[in-house]
Every structure is written in C-alpha cells, then in structure tokens.
Chemist: 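Here's a structure for you.
Side-chain atoms are counted along with the backbone in the values below, which use heavy atoms only and exclude waters and symmetry mates.
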Amino acid sequence: MSSEPLVPETRVLAVASHVVYGYVGNTMATFVMQSLGCEVAALNTVHFSNHTGYKQVKGTKATAQEIRDLYQGLQQSYLTDFDVLLSGYAPSAAAVEAVGEIGLDLQRKAEKKPGSFFWILDPVMGDQGRIYVNEDVVPAYKKIIHHADLILPNQFEAELLSGIKITSLHTLAEAITAIHKTYSVPHIIVTSVQLTTLSHSASTTAPPSTLTVIGSTTRSDGSPRLFRVDVPALDCFFSGTGDMFAALTVARLREAVFSADPALRHTKSWVSPDSVPATELPLAKATVKVLASMHSVLENTIRARDEELRASSADADEEPVEDTDEARQKREHLRRTKAAEVRLVRNVKFLRDPVVRFEVQAWSE
C-alpha cells in the first residue's frame, strides 16, 4: 500500500466511453481515480467490446436521451453531490449537448458555494490533423466549453477551438490566449505538443524525442500564465493515455488546490491570485505529478508489450500457410494492438506514488 495519504475526498461523475477489454475512456478513468481515493460514478456514453484501434468493434452508443435518463435517475435519488465532473467522449452532437446540460445543472447546485464544484472537459474531437467525430460535434463543443473550468484539448483540438493553425511557438501562444478569451475558460492544458515542429529558434527547441505539455491559468485580466513540462517521448502508440491524463488531473489538481492557500478551494474555478507565478500554480504542480505517473506506467507497458510480442511470435510462425496476406496482416495488427494495451493494474503503485522526474518551466512566447 502507498505510504502517501490519499488525495482529498472527492466525488466524481465521469461521463465517457466504456470498453469491455482494455483501458480507455471510463474503464481507464474510473480505475485511476479510485486508486487515488476518489469516489467515482461512471456514466458511460458507449459500450464497446474494445477500443477502435483494433479496427473492429462490437457494441452500442448511448443516445442523448439515454444519457439524460441516467442522470435524471441520479437526481431523483439525490445522488448528485459531486465535487468534480469529468467529461470525455460523447458519440454525437446531441450527446455533447446532454453532457453540457449535466454540467450546467451541477454548476447551478454549487452556485452558493464557490469552488465546491469543478468541471474538467476533454473535448474529444480528433487528433493528428483529422476529425474522428461527426462534423456537428465541433460546434456542439464550442457551445458548452465556456462553462467548463478546465479543458484538455490536444494540439489539433486546440486548433479547432481557437481557429488558429499552430505552426510555431508564437501561434501556440496565440491559440491558448484565444481560447481563454473566446470561451472564458480559466484553465487549459494542451497535450502532446510537438515543439520540434513549432520552434522558431534553437534556444526554444525541445529535443527530437520529447513531447511537451503546455498549460495555462488566467490572470484576472484574462491573460495566460503559461507553463510547460517536457517529457521523453516513448516509441509506442497507446490508446487511453488522454483518459489517464484527465483522470490523474482530477485527483492531483484537487490535491494541489487543497495544499495551497485555504482560500483557493473556496474560490470560483480555483483560479489563483495574480501574484502566483506560473510554476507555482496548482495546475502546474498537478501536471508534473500526472506526467510522472504516466511515464512510469507507460515505460512498464512497453516492457510488457515486448515480452508479450516475443512470447506470441512463435504462435504466429505456426499459422496456416494457406492464409492470405490480408488475413496475416490483420492478425498481426490485432496481436500488436493487444500487446500495447496499457498495463494499469500491475502498475498501480506509480499512480499512487509517482517518481517525479520532470520540471515545470514558466513559459512566455
């Protein structure tokens, strides 16, 4: 068991996808948050056999009305005393709107107690220059994110929300500033930024094998307080890492807020006074711990993946020779995708006791 105390008691409503096998969406987020001591109520927006990276899936998507019905069931039994809403993948624009209604209802309940409720929204729309939801999901998110306290877009989603193509450090700063201004979102973390392709001088270039996370909390005038954390990139594609990041952020941000000036936990959206520098922001301190946990879990996942692939290679050699190239390629894809599933349970100690190896830096364009 961890020698560290659990994070402050936290009741979370997690609205995201669910898979029977593996760890993405709520399957990932629920375990992560519960491992750190959070009480989690999971409202699942899809029920799939596995994540879509396998390129084949069975299951169902929840309708907007089904999402509303589940929440109304909680309401009628007075089960909506949540401290945090974590919202992730929604399968349609109508479902995004339904999630927005839930967020607004929980905010209304907390109006008389500033800081007693916090909404973290992951605007799942696409990645790597490609939208993988219906086109109408994007404007649906644009309508609700100004109600959120913290949003977690990746680089491509930050471009969609800001309307700014991120091609340099300058345009990245512009995009974050625009999101703060356009949507009045107090906190932003942009994940998986490839600074090697955005740099405009050698002094600001991260090493080629580095991923950078950029975060910001606004000042009272709406200007950003930017920070960055650089982490080594790992040579493997994982599914569910965004969900792990979001879930860890729920726990670690609440922990950081409760460790700060006691007045902060009673402040709307947990926005620190202007005198707090970027590196001392609760969001920055939380991000360092989040990335430390993730890096350790994923390093161990790579080791386990390699062992599984070695062990399964003998079976692959014994496959029928009459198989078509297409069948062999499909089976190999499935074998590699399964081997790359995040090893969460066996590495729970790194969720609870992260070995902090990365530093947060103040960043100004």
Side-chain angles (χ1 to χ4, degrees), residues 86-89 119-132 138 141-142 144-146 148-200 204-206 210-219 222-233 238 241-250 252-253 269 271 278-279 281-291 294-295 358-365:
L86 173 60
S87 60
Y89 176 75
W119 182 1
I120 298 178
L121 187 156
D122 185 0
V124 181
M125 296 181 287
D127 201 2
Q128 301 294 319
R130 182 176 68 89
I131 295 176
Y132 48 61
V138 177
Y141 269 119
K142 289 182 177 181
I144 71 166
I145 64 170
H146 67 277
D149 299 292
L150 164 64
I151 63 170
L152 304 172
N154 58 37
Q155 183 175 328
F156 176 62
E157 290 160 347
E159 292 176 341
L160 290 176
L161 294 174
S162 66
I164 296 171
K165 178 67 176 176
I166 299 173
T167 58
S168 65
L169 290 173
H170 177 72
T171 52
L172 175 57
E174 282 186 337
I176 293 171
T177 302
I179 292 171
H180 276 313
K181 181 178 180 180
T182 303
Y183 305 100
S184 300
V185 178
H187 308 276
I188 301 168
I189 299 179
V190 181
T191 58
S192 302
V193 177
Q194 296 280 3
L195 281 183
T196 50
T197 62
L198 302 182
S199 61
H200 54 231
T204 57
T205 304
T210 298
L211 290 177
T212 299
V213 170
I214 303 290
S216 173
T217 295
T218 53
R219 300 183 182 87
S223 62
R225 278 175 281 188
L226 294 160
F227 63 85
R228 65 184 276 185
V229 184
D230 297 328
V231 299
F238 306 99
T241 53
D243 304 303
M244 192 195 314
F245 187 99
L248 285 165
T249 298
V250 168
R252 294 308 181 188
L253 178 56
S269 298
V271 176
T279 55
L281 291 167
L283 191 64
K285 292 183 175 182
T287 300
V288 169
K289 276 194 168 185
V290 168
L291 292 173
M294 291 186 64
H295 195 75
F358 314 121
E359 294 184 359
V360 61
Q361 308 169 53
W363 179 57
S364 58
E365 210 288 316

Chemist: Measuring from His180:NE2 to Leu226:CG, what's the distance to the nearest 0.5 Å?
Modeler: 7.0 Å
Chemist: Looking at residues at least two apart in the chain, or sitting in another chain, which of them share a ring pair (Phe, Tyr, Trp, His ring centres under 6.0 Å) with His295?
Modeler: Phe358
Chemist: Just one of Asp127, Ile189, Val190 clears the side chain to side chain contact (heavy atoms under 4.5 Å, CB included) bar with Asn154, so which one?
Modeler: Asp127
Chemist: I want to check something: taking the side chain as every heavy atom from C-beta on, are Arg219 and Val271 in contact at a cut-off of under 4.5 Å?
Modeler: no
Chemist: Mind checking ring pair (Phe, Tyr, Trp, His ring centres under 6.0 Å) for Tyr183 and listing every partner two or more places apart, or none if nothing turns up?
Modeler: none
Chemist: Which heavy atom in Ala284 sits nearest to a heavy atom in Ala278, and how many Å separate them?
Modeler: CB-O, 3.4 Å
Chemist: Between atom CD1 of Ile214 and atom CD of Gln155, what is the distance when rounded to the nearest 0.5 Å?
Modeler: 10.0 Å
Chemist: Looking at every heavy atom in both Met294 and Leu248, which two are closest together, and how far apart are they?
Modeler: CG-CD1, 3.6 Å
Chemist: At their closest point, which heavy atom of Ala362 faces which heavy atom of Thr279, and how far apart are they?
Modeler: N-CG2, 3.3 Å
Chemist: If you look at every heavy atom in Ala148 and Pro186, which pair is closest and at what distance?
Modeler: O-CD, 3.6 Å
Chemist: Give the C-alpha distance, both sets of side-chain angles, the deciding distance and a yes or no for side chain to side chain contact (heavy atoms under 4.5 Å, CB included) between Val185 and Leu121.
Modeler: CA-CA 10 Å; Val185 178; Leu121 187 156; over 6 Å; no
Chemist: Quick one: are Val290 and Val213 in side-chain contact, heavy atoms under 4.5 Å?
Modeler: no
Chemist: On a heavy-atom basis, which atom in Ser87 and which in Trp119 lie closest, and how many Å separate them?
Modeler: OG-NE1, 3.0 Å
Chemist: Between Asp122 and Phe245, does a side chain to side chain contact (heavy atoms under 4.5 Å, CB included) hold up when you go through it step by step?
Modeler: CA-CA 10 Å; Asp122 185 0; Phe245 187 99; over 6 Å; no
Chemist: Applying side chain to side chain donor-acceptor pair (under 3.5 Å), name anything that partners Thr182, two or more places apart in sequence or on another chain.
Modeler: none
Chemist: To the closest 0.5 Å, what do you measure between CZ (Arg228) and OG1 (Thr287)?
Modeler: 14.0 Å
Chemist: Answer yes or no: is there a donor N or O on one side and an acceptor on the other, between the side chain of Thr171 and the main chain of Glu174, under 3.5 Å?
Modeler: no
Chemist: Measure the OG-CD1 distance between Ser184 and Ile179 for me, rounded to the nearest 0.5 Å.
Modeler: 12.5 Å
Chemist: How long is the gap from CZ on Phe156 to CD1 on Ile131, to the nearest 0.5 Å?
Modeler: 4.5 Å
Chemist: Does Lys142 form a side chain to side chain contact (heavy atoms under 4.5 Å, CB included) with Leu161? I'd like the steps, not just the answer.
Modeler: CA-CA 7 Å; Lys142 289 182 177 181; Leu161 294 174; 4.0 Å; yes
Chemist: Quick one: salt bridge (Lys or Arg N to Asp or Glu O under 4.0 Å) partners of Glu157, sequence neighbours excluded?
Modeler: none
Chemist: For Arg225 and Ser216, indicate whether the former's side chain and the latter's backbone hold a donor-acceptor pair under 3.5 Å.
Modeler: no
Chemist: What do the steps show when you test Leu283 against Leu253 for side chain to side chain contact (heavy atoms under 4.5 Å, CB included), and what is the final call?
Modeler: CA-CA 6 Å; Leu283 191 64; Leu253 178 56; 4.3 Å; yes
Chemist: Can you sort out the partners of Thr191 under side chain to side chain donor-acceptor pair (under 3.5 Å), two or more places apart, ordered by chain and number?
Modeler: none
Chemist: Please round to the nearest 0.5 Å and tell me the distance separating atom CE of Met244 and atom OG1 of Thr249.
Modeler: 11.5 Å
Chemist: Side chain to side chain contact (heavy atoms under 4.5 Å, CB included) with Ala175: which residues, sequence neighbours excluded?
Modeler: Ser162, Ile164, Ile166
